[in-house]
Amino acid sequence: MKLLIVDDEVEICDFLKSFFEERDYQVITATSGEEALEWVEKAKPKVVLLDIKMPGMSGIEVLEAIKQKEPGTKVIMVTAIETRDKIEQCLRLGADNYITKPLSLEYLENDVREKIEGLSRPSRN
Ligand SMILES: [Mg+2]
């Protein structure tokens with residue numbers, strides 16, 4: 001199962017990559033929105049963990065582009081500060097969920113697993 005992790009902080013990418021690789025996910029990381037979109041096209045990940053606050057292209061812009069190009073891709077937004085209006089904007093734009101930093105890995109893994117199980121159900125997408 002392919003998972004794309006997008007965060008401008010390399011340490012967060014590395015940390016999440018090893019966490020999910022230990023659990024047998026195939027993990028790709030990107031440290032910018034532009035790079036993330038390239039991977040979405042090339043690798044077609046099933047789930048994307050997407051940081052909102054990044055220099056250059058923001059997570060919100062990346063979300064919009066993903067939902068346009070690959071609407072079946074599940075996107076979980078990751079945000080340091082829970083800004084109500086930002087989160088609502090993301091959900092309106094098609095985000096499938098959000099998680100706030102500091103990350104609860106257990107919650108995150110459950111959510112990723114849920115999204116993947118949702119994908120294999122015949123009635124969805
Ligand atoms: Mg960031």
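Whatever order the structure lists ligands and atoms in, that order sets their numbers, starting from 1.
- Within the coordination shell of the Mg ion (ligand 1), defined by N, O or S atoms under 2.8 Å, Lys53 is present.
- For Asp7, every N, O or S atom stays at 2.8 Å or more from the Mg ion (ligand 1).
- In summary, Lys17 and Asp7 do not engage in a salt bridge, as defined by a charged side-chain N under 4.0 Å from a carboxylate O.
- No side-chain heavy atom of Ile99 sits less than 4.5 Å from a side-chain heavy atom of Asp111.
- As for Asp51, its N/O/S atom nearest the Mg ion (ligand 1) is the one called OD2.
- For the Mg ion (ligand 1), the nearest N, O or S atom contributed by Asp8 is named OD1.
- Annotation: side chain of Val75 is not in contact with side chain of Lys115 (no heavy-atom distance under 4.5 Å).
- Between the side chain of Lys67 and the backbone N or O of Thr73, at least one donor-acceptor pair lies under 3.5 Å.
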